[in-house]
Novice: 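Questions regarding the structure given below will be posed in turn.
Computed from a predicted model, the values in this text were never measured in an experiment. Note: hydrogens, waters and symmetry copies are ignored here, and every other heavy atom, side chains too, is used. Numbers for residues simply follow the sequence, beginning at 1.
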Amino acid sequence: KIITFFTIPTPRLLVNPGKPNSIYKILLGSNIKVNGTFSDYSNLRSINLPEKMEEIPDSMFFGCHSLTDIIIPSTVHSIGEGAFTDCTNLKNVSFEYDSSWQGGFVIYAFAFQRCSSLESIRLPANCHVQGRIFDSCEKLEYVSFGADCQIYSNPFTRCSGLKSVVFSPDDDYEVEDGLVLNKKTGRLCAAFPSTIRKATIPAYVKTIGAQAFAYCSNLKNIFLPYQIENIEEQAFAFCGIESLDTEDLFDFGESDYSYRFEGCSELIKVRIGKNFNRLSPQDFKGCNNLREFVVSDENEKYEAENGILYAGSLLTCVPGGLETVTVREGTTSTNILSFCSNTNLISVNLPESLESVGDNSFQGCSALKSIEIPEKVTGIYSGTFCFCSGLEEVRLKGVRKLRDWAFEGCNNLKSLYVYVPEPPEPY
């Protein structure tokens, strides 16, 4: 079935007709304004976009599995998030870009995610690219960027077939040993996920960008030189590194919620160098084989005992590979997310010296069945045990205040013992 929408003087909204699975071709007049998406058009093979169209909205062609070719009109200046996600037969994408346009061409996250037939693409000039736009495009081999492009985070996550990325000679970007680098800003933007096995970071690099090494399963070792000032969110998430040495770094950067090494299932050991002074447990969420932190004798802030990381009386981080944990006596508080969603944790013994439990400390500890909170702890705060799906018994020896969502998602909780005369007050 072919449906034609004719041009009329006043732009009209396109209303998706019934039985979209029967439609394989759509013709749009130049003044038609598209309202909504074609996400249910699984048999759509061909569509001409209106000549005056300015943007391709989020998820516009999501799941159009039969779509093979698309021409982006010169008037289009942005492609929305997930616009062509799961267009599994999309092979040819052409841009009729207007070089006189000075406003830039923006491609938002996941725009071409899982376009598994896409082998090559040439992006227009002045293109601003957000992260993961080609995520899981397994056959993508070649990407060319027009002049004056900008890359904000890794566009190529899980592009296992990627072989070549080309930039305009006058731009600040270059490709070196499987790394996409911005020479001017000192930013490492991306790594070729299938070929990168050992990364040597150039001396001018100061920032490792968001998801730069994400899903690089062949990357086993990484040396982080002293000049690195910032490692952005999920920079090494789900990659194959087995050990991590912070060497002379002072920290990983400003953000405390970046999940930089999330899901690195082969990571066993983290060494804290002599100058390192700030670590966030969230960075190691899902590192379920991490067994120990090792701290340099010259480090003045941190120390490790039985593989657990402490900063004085603060329990900083518990490795996600430990099943049984005994927190040392003298510890007065636990860090936010200190057990970093440890799905292996079966039992934990907390010392009588403990006075406070940080927000979300045990979040996601799904194997934990019971726990006793010492008497000096008088309050249980935000999300302390949220999503501890295996938790059956909790003993609160001194708790007088309790957040109403402290046990969110604890669907198997059967017994809550309170040792104070009056029930804890919600706050």
Novice: With Asp283, which residues qualify under salt bridge (Lys or Arg N to Asp or Glu O under 4.0 Å), at least two apart?
Specialist: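 Asp283 satisfies salt bridge (Lys or Arg N to Asp or Glu O under 4.0 Å) with Arg260 only.
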Novice: Who are the side chain to side chain contact (heavy atoms under 4.5 Å, CB included) partners of Lys183, not counting sequence neighbours?
Specialist: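 Only Glu174, Tyr204 meet the side chain to side chain contact (heavy atoms under 4.5 Å, CB included) criterion with Lys183.
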Novice: Who are the ring pair (Phe, Tyr, Trp, His ring centres under 6.0 Å) partners of Phe238, not counting sequence neighbours?
Specialist: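 Per chain and number, Phe238 pairs via ring pair (Phe, Tyr, Trp, His ring centres under 6.0 Å) with Tyr215.
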Novice: Using the side chain to side chain contact (heavy atoms under 4.5 Å, CB included) criterion, which residues pair with Lys414? Sequence neighbours excluded.
Specialist: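 Lys414: side chain to side chain contact (heavy atoms under 4.5 Å, CB included) contacts with Glu392.
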Novice: What I'd like to find out is whether the side chain of Val165 reaches to under 4.5 Å of the side chain of Tyr173, using heavy atoms alone.
Specialist: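 Val165 vs Tyr173: side chains apart.
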Novice: Could you work out, with ring pair (Phe, Tyr, Trp, His ring centres under 6.0 Å) as the rule, every residue matching Phe95, not counting sequence neighbours?
Specialist: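 Phe95: ring pair (Phe, Tyr, Trp, His ring centres under 6.0 Å) contacts with Phe105.
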Novice: Quick one: ring pair (Phe, Tyr, Trp, His ring centres under 6.0 Å) partners of Phe339, sequence neighbours excluded?
Specialist: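 Per chain and number, Phe339 pairs via ring pair (Phe, Tyr, Trp, His ring centres under 6.0 Å) with Phe362.
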Novice: Atom CZ of Arg395 and atom CG of Leu416: how far apart are they, to the nearest 0.5 Å?
Specialist: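 The CZ atom of Arg395 sits 10.5 Å away from the CG atom of Leu416.
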Novice: Just to verify, what does Asp248 make a side chain to side chain contact (heavy atoms under 4.5 Å, CB included) with, not counting sequence neighbours?
Specialist: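 Checked Asp248 against side chain to side chain contact (heavy atoms under 4.5 Å, CB included); matches are Tyr226, Lys274, Asn275.
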Novice: For Ser120, check side-chain hydrogen bond (donor to acceptor under 3.5 Å, both in side chains) against everything at least two apart and list the hits.
Specialist: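 side-chain hydrogen bond (donor to acceptor under 3.5 Å, both in side chains) list for Ser120, sorted by chain: empty.
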Novice: Does a salt bridge link Glu232 with Arg187, judged by any charged N lying under 4.0 Å from a carboxylate O?
Specialist: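 Result for this pair is yes, salt bridge flagged.
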Novice: Of all residues at least two apart in sequence or in a different chain, which pass the side chain to side chain contact (heavy atoms under 4.5 Å, CB included) check with Phe223?
Specialist: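 Only Pro225, Glu247 meet the side chain to side chain contact (heavy atoms under 4.5 Å, CB included) criterion with Phe223.
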Novice: Donor-acceptor pairs under 3.5 angstrom involving side-chain atoms of residues 288-295: please list them, not counting sequence neighbours.
Specialist:
unit_1	atom_1	unit_2	atom_2	d
Asn288	OD1	Thr343	OG1	3.4
Asn289	ND2	Ser265	O	2.6
Arg291	NH1	Gly321	O	2.3

Novice: Please list, chain by chain and in numerical order, all residues satisfying ring pair (Phe, Tyr, Trp, His ring centres under 6.0 Å) with Phe134, sequence neighbours excluded.
Specialist: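 Testing Phe134 for ring pair (Phe, Tyr, Trp, His ring centres under 6.0 Å), a comparison that skips the adjacent residues, returns Phe112.
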Novice: Would you tabulate the side-chain donor-acceptor contacts of residues 364-382 under 3.5 Å, counting partners in other chains and residues two or more places apart, or write 'none'?
Specialist:
unit_1	atom_1	unit_2	atom_2	d
Ser382	OG	Trp405	NE1	3.0

